[in-house]
Amino acid sequence: RFSEALGEKSETSADGLWKQAVDAFKDQTQLAEEDFAALESLGKTLGYLDKQMQINAIQLTLRYIDTKVSDLQTHCDKNKKMYRHLGVLGGLLLAVILW
């Protein structure tokens, strides 16, 4: 949507077009508000800084995403282990109650 809006050469700034594109997909994703804030902050650098600074901003956002994915993967692994143990313990409890 952002690239299409840029192609239309509307009067809105690149930041405004980026925010509109991000807002259009808010309902279709499971991202948290802090994730949308990071995406919107990336949009503030579009068309404002020179080429190298924009590349740095994109790389910074990609590092944030990589860190977030890593944290979520760790959290998921920990919860998966906990739910597996709870399932076993729940089954044992059910077996003791029914015996």
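For Lys26, the side-chain contact (heavy atoms from CB on, under 4.5 Å) partners at least two apart in sequence or on another chain are Asp23, Glu33, Phe36, Glu40. Remark: Gln52 pairs with Asn56 by the side chain to side chain donor-acceptor pair (under 3.5 Å) rule, at least two apart or across chains. Residues passing the side-chain contact (heavy atoms from CB on, under 4.5 Å) test with Lys78, sequence neighbours excluded: none. Here Ile58 pairs with Leu42, Leu62 under the side-chain contact (heavy atoms from CB on, under 4.5 Å) rule; sequence neighbours left out. Judged as a side chain to side chain donor-acceptor pair (under 3.5 Å), and not counting sequence neighbours, Gln28 has no contacts. For Asp27, the side chain to side chain donor-acceptor pair (under 3.5 Å) criterion is met by no residue, not counting sequence neighbours.
When only modelled atom types and interatomic distance are considered, Asp71 and His75 share no side-chain donor-acceptor pair under 3.5 Å. There is no side-chain donor-acceptor pair under 3.5 Å between Gln54 and Asp50.
For residues 13-32, every residue pair satisfying the ring pair (Phe, Tyr, Trp, His ring centres under 6.0 Å) rule, not counting sequence neighbours, is listed here: Phe2-Trp18. Residue pairs meeting the side-chain hydrogen bond (donor to acceptor under 3.5 Å, both in side chains) criterion with at least one member in residues 82-97, sequence neighbours excluded, do not occur. Here side-chain hydrogen bond (donor to acceptor under 3.5 Å, both in side chains) pairs that include residues 58-70, with residues two or more places apart or in two chains, are Glu34-Lys68, Asp35-Tyr64.
Other residues sharing the hydrophobic cluster of Ile97, ordered by chain and number and joined by side-chain separations under 4.5 Å: Leu93. In this structure, Ile55 stands alone, with no Ile, Leu, Val, Met, Phe, Trp or Tyr side-chain heavy atom under 4.5 Å from its own, directly or through other members. The hydrophobic cluster containing Leu94 also includes Leu98, under a criterion of side-chain heavy atoms closer than 4.5 Å among ILVMFWY residues, counted directly or through chains of members.
To the nearest 0.5 Å, atom CG of residue Asn79 and atom CG of residue Leu72 are 10.5 Å apart.
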